[in-house]
2 protein chains.
Amino acid sequence: MELTERKKKILQLVVDDYIETAQPVSSKSITEKYLTTISSATVRSELSALEELGYLYQPHTSAGRVPSKEAYKLYVNELMVKDNLSTKELDYIEKIFLEKTNSVEEIIKKTAKVISELTQYTSLAISSHDGQEIIRNIKLFRIMPESALLVIVTDTKLFKDAVIELPHDLPDDNLENANNLLAEFFTGKTLAEACADNLKIDESFAGYKAVFSEVIGALKEYVSRSDEVITEGEDKIFEHPEYADIDKIRDFMSVVTKKDKVLNLLSENRSIKLNIKIGAEGYEEIPEHCSLVTATYSANGVDIGTYGVIGPQRMDYKKVVSVLENVGKILEAILTNR
Amino acid sequence: MELTERKKKILQLVVDDYIETAQPVSSKSITEKYLTTISSATVRSELSALEELGYLYQPHTSAGRVPSKEAYKLYVNELMVKDNLSTKELDYIEKIFLEKTNSVEEIIKKTAKVISELTQYTSLAISSHDGQEIIRNIKLFRIMPESALLVIVTDTKLFKDAVIELPHDLPDDNLENANNLLAEFFTGKTLAEACADNLKIDESFAGYKAVFSEVIGALKEYVSRSDEVITEGEDKIFEHPEYADIDKIRDFMSVVTKKDKVLNLLSENRSIKLNIKIGAEGYEEIPEHCSLVTATYSANGVDIGTYGVIGPQRMDYKKVVSVLENVGKILEAILTNR
DNA sequence: TGTTAGCAATCTTTGGCTTTGAGTGCTAAC
DNA sequence: GTTAGCACTCAAAGCCAAAGATTGCTAACA
């Protein structure tokens with residue numbers, strides 16, 4: 001059977017209506033609200049055909065139709081008409097990002113908040129690195145006799161710090177020397193280069209070999225792992241009628257309250273610009289009744305974070321995609337220009 | 001009417017049983033499980049008296065008794081027998097805290113995690129300062145032409161950092177000078193002294209007045225506000241049968257997922273060693289059906305954080321209090337000794 | 001051949017009614 | 001003061017009927 005234009009149109013209407021109302025869509029409501037020129041009997045036969053094609057199903061015989069996962073997939077790929085954000089919304093995004101923001105953490109927190117507020121869904125965020133950030137400044141700062149704070153500033157103008165161990169009783173003068181060598185050695189290199197395994201540690205660094213290996217360890221840790229995992233608006237899920245079911249809420253919360261699960265979810269889509277997962281799709285972290293939309297943002301060609309929206313399968317995809325795209329555009333513009 | 005010893009005993013049994021089973025306690029179950037020497041009719045008349053005194057109530061006529069808020073209050077003050085933690089539990093706490101931990105953030109995260117895992121309730125945590133920490137080291141580190149990272153190390157051996165603005169085009173040499181002056185001026189002072197308003201900025205600092213006022217601003221911010229708010233085990237609430245009700249879960253989540261609310265809750269009890277709130281008790285942040293137990297820990301006479309456990313009114317108070325006390329003891333011992 | 005009106009069939013939802021069982025309060029006896 | 005016995009109360013569960021929504025099917029129509 002062929003998917004005629006009219007079938008597509010009706011499918012789109014069903015999906016849109018179901019996303020809006022959370023109620024199975026009847027042939028009658030289609031003809032009353034949208035296609036007033038044809039009869040409900042005609043729509044009925046189309047719906048019945050769409051059901052046979054696997055795009056719709058009925059919760060029970062005397063109910064309207066509900067979109068299947070296949071329908072949502074077709075919808076996000078072909079059928080949906082992206083929302084245009086209001087100028088109010090766009091201004092809001094700009095206002096937030098024009099405020100001074102220096103650390104990786106702050107950027108991620110802010111972005112997660114903006115996304116959750118505009119979409120009215122739960123947002124997830126991790127910092128992400130492809131290792132292509134160039135080190136602009138790197139320095140150790142003693143905080144205890146045997147440990148130091150390593151501060152790294154990269155060309156995204158965001159900084160990151162980590163605590164490292166110092167060799168036993170390293171005098172302050174030597175720390176100064178070590179700092180000079182660190183600066184000389186690492187400044188201008190990308191993070192990836194800085195922690196490459198074949199790095200030649202020059203003879204002159206011999207005395208600070210221990211320090212260097214600690215620093216490289218910290219850099220590797222920074223590049224390979226996101227320690228910042230943020231979730232915002234976890235309680236937004238309660239607004240959706242299909243989550244009147246306590247077990248679904250529990251499923252949902254057992255993901256969004258666990259940093260390691262959120263990290264896994266976002267990491268796996270780190271390299272993908274925009275990704276839409278409808279239902280679990282094999283990921284054990286996503287409950288079957290949920291959908292996840294993720295986006296990775298970058299500035300100056302360098303990844304700065306992966307963000308996601310998690311919510312019911314009946315998610316307002318057109319709104320979510322528009323918000324993610326617009327937030328990305330504005331954030332990237334602001335971080336690139338400064 | 002008098003609260004005889006037998007009435008107290010029966011009340012204790014009712015509370016213990018209700019905490020364990022989450023079911024209204026019947027006269028029959030009391031005589032079967034605990035007081036096998038007296039008849040259920042006798043217990044019934046005692047229960048009826050306890051109800052008249054306001055300690056118990058019946059969900060409906062043909063149900064057993066449930067403790068009132070008054071009963072829980074009496075229970076935590078007089079009746080409960082504190083749990084002894086197993087050596088396994090105590091070893092677990094020690095093991096966690098013996099790992100190297102340097103930043104304020106890490107300590108708080110770890111402690112919140114330990115408390116949640118041992119109590120099986122949701123834990124809340126904020127960093128807290130009474131301003132009595134002595135500054136051991138303070139330094140600025142340039143991260144951009146016009147901003148610097150301020151790193152402060154105090155005698156609790158934990159560090160904290162903040163980004164501050166630098167005056168326009170401050171040369172590196174001057175930053176070095178400023179650092180020397182900062183060290184000279186602030187080292188040895190308590191945080192409270194450091195941000196006292198009547199601080200005399202000496203003539204010789206004149207050139208760095210702007211830097212100093214930024215630094216003092218950051219110190220004030222650090223002392224007055226907790227920016228670190230941690231929650232752990234938000235999904236533990238689902239384990240409790242009285243939270244099969246979606247509205248209660250929603251109430252609960254709307255508190256524990258909002259950092260500002262958690263901050264308010266814990267801040268108000270920051271100065272209190274151990275505090276038990278049963279029901280809202282006038283705090284709009286606490287749902288009426290919840291209880292909150294908080295504790296503030298300190299090392300070397302300096303506050304290091306306020307922690308809380310939030311859960312159903314039917315909370316295992318004896319376990320929670322024991323865990324909070326033991327975690328406090330071990331944490332304080334470890335932070336004091338090092 | 002596609003569209004439509006009409007109608008029986010299906011199945012959820014709601015409300016009321018009954019039964020069952022747990023637990024109490026009261027009374028009278030010890 | 002304690003206890004056995006018993007009537008009373010009320011929630012919970014099961015059952016049934018009525019109401020309402022929506023479909024699929026059929027036959028007629030353009």
Side-chain angles (χ1 to χ4, degrees), chain A residues 1-11 13-15 17-18 20-68 71 241-242 244-246, chain B residues 1-11 13-15 17-18 21-68 71 241-242 244-245:
Chain A
M1 195 179 342
E2 209 186 343
L3 201 54
T4 62
E5 280 308 307
R6 191 172 69 177
K7 283 192 179 58
K8 282 188 186 175
K9 182 68 195 166
I10 288 176
L11 186 56
L13 292 171
V14 171
V15 176
D17 195 80
Y18 185 67
E20 194 191 323
T21 65
Q23 295 296 322
V25 183
S26 70
S27 57
K28 196 171 148 229
S29 72
I30 295 272
T31 56
E32 280 176 354
K33 287 200 222 172
Y34 314 104
L35 301 177
T36 48
T37 56
I38 57 178
S39 80
S40 66
T42 310
V43 174
R44 253 193 317 278
S45 73
E46 294 286 62
L47 290 176
S48 160
L50 283 165
E51 177 158 1
E52 211 165 311
L53 288 164
Y55 292 113
L56 297 175
Y57 68 94
Q58 294 177 277
H60 55 87
T61 353
S62 66
R65 255 77 174 200
V66 172
S68 70
E242 60 266 59
D245 179 347
I246 194 104
Chain B
M1 196 178 343
E2 210 187 344
L3 202 55
T4 61
E5 280 309 306
R6 191 170 72 177
K7 282 194 178 59
K8 282 188 185 174
K9 183 68 196 170
I10 289 176
L11 185 56
L13 292 171
V14 171
V15 176
D17 195 79
Y18 185 67
T21 64
Q23 295 297 323
V25 183
S26 71
S27 57
K28 195 168 148 233
S29 73
I30 296 272
T31 56
E32 280 176 354
K33 285 200 224 169
Y34 313 105
L35 301 177
T36 48
T37 56
I38 58 175
S39 80
S40 68
T42 308
V43 173
R44 241 179 345 263
S45 73
E46 293 286 61
L47 291 176
S48 160
L50 284 164
E51 177 159 1
E52 212 163 310
L53 287 164
Y55 291 113
L56 298 174
Y57 68 94
Q58 292 176 279
H60 55 87
T61 353
S62 66
R65 255 78 177 201
V66 172
S68 68
E242 60 266 58
D245 178 347

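A note on names: the letters A, B, ... follow the listed sequences, proteins ahead of strands, and every chain is numbered from 1.
- For Ile38(B) and dA4(D), the CD1 to C1' distance is 15 Å, given to the nearest whole Å.
- With distances taken from any side-chain atom of Arg65(B) to the nucleotides dT10(C), dA5(C), dT24(C), the minimum falls on dT24(C).
- Under 3.5 Å, the side chains of Ser48(A) and Ser45(A) contain no donor-acceptor pair of N or O atoms.
- A sub-4.0 Å separation between OP1 or OP2 of dG25(C) and a side-chain N or O of Gln58(B) is present.
- Side chain of Ser29(B) to main chain of Val25(B): no donor-acceptor pair is present (N/O by atom type, distance under 3.5 Å, no hydrogens or angles).
- Rounded to whole Å, atom P of dG25(C) lies 13 Å from atom NE2 of His60(B).
- When each of dT23(D), dT4(C), dC10(D) is scored by its nearest atom to the side-chain atoms of Ser39(A), the top-ranked nucleotide is dT4(C).
- Whole-Å rounding puts the Glu46(A) CD to dC25(D) C1' distance at 17 Å.
- Within the nucleic acid shown, Ser27(A) comes within 4.0 Å of sugar-phosphate atoms alone, with no base atom in reach, counting heavy atoms only.
- Between the base of dC10(D) and the side chain of Ser62(B) there is a donor-acceptor pair shorter than 3.5 Å.
- For the pair Lys28(B) NZ and dT24(C) C1', the computed distance is 13 Å after rounding to whole Å.
- For Arg6(A), taking side-chain heavy atoms from C-beta onward, the closest of the listed nucleotides dT24(C), dA5(C), dT3(C) is dT3(C).
- If you measure from atom CD of Glu51(B) to atom P of dG25(C), you get 7 Å, rounded to the nearest angstrom.
- Pair assignment for dT10(C): dA21(D), on the basis of Watson-Crick or G-U wobble contacts that are both within less than 3.5 Å.
- Taking for each of Val43(B) and Gly64(A) the nucleotide of DNA chain D with the nearest heavy atom, the 5'-most of the two is the partner of Val43(B).
- Mapping Thr42(B) and Pro59(B) onto DNA chain D via the closest heavy atom, the residue that lands nearer the 5' end is Thr42(B).
- One finds the OH atom of Tyr57(B) at 12.5 Å from the CZ atom of Arg65(B) (value rounded to the nearest 0.5 Å).
- The distance from atom CG of Leu35(A) to atom P of dT4(C) is 11 Å, rounded to the nearest whole Å.
- Evaluated for a salt bridge (Lys or Arg N to Asp or Glu O under 4.0 Å) with Lys7(B), the options Glu52(B), Glu2(B), Glu46(B) yield exactly one hit, Glu46(B).
- Rounded to an integer number of Å, the gap from CD1 of Ile10(B) to C1' of dT2(D) is 13 Å.
- In this structure a side-chain-to-backbone donor-acceptor pair under 3.5 Å is missing from Ser27(B) to Val43(B).
- Using a 4.0 Å cut-off, some side-chain N or O of Thr61(A) falls inside it from OP1 or OP2 of dC11(C).
- One finds no side-chain N or O of Arg44(B) lying less than 4.0 angstrom from the OP1 or OP2 phosphate oxygen of dA4(D).
- For the pair Glu2(B) CD and dG1(D) C1', the interatomic distance rounds to 16 Å; values are reported in whole Å.
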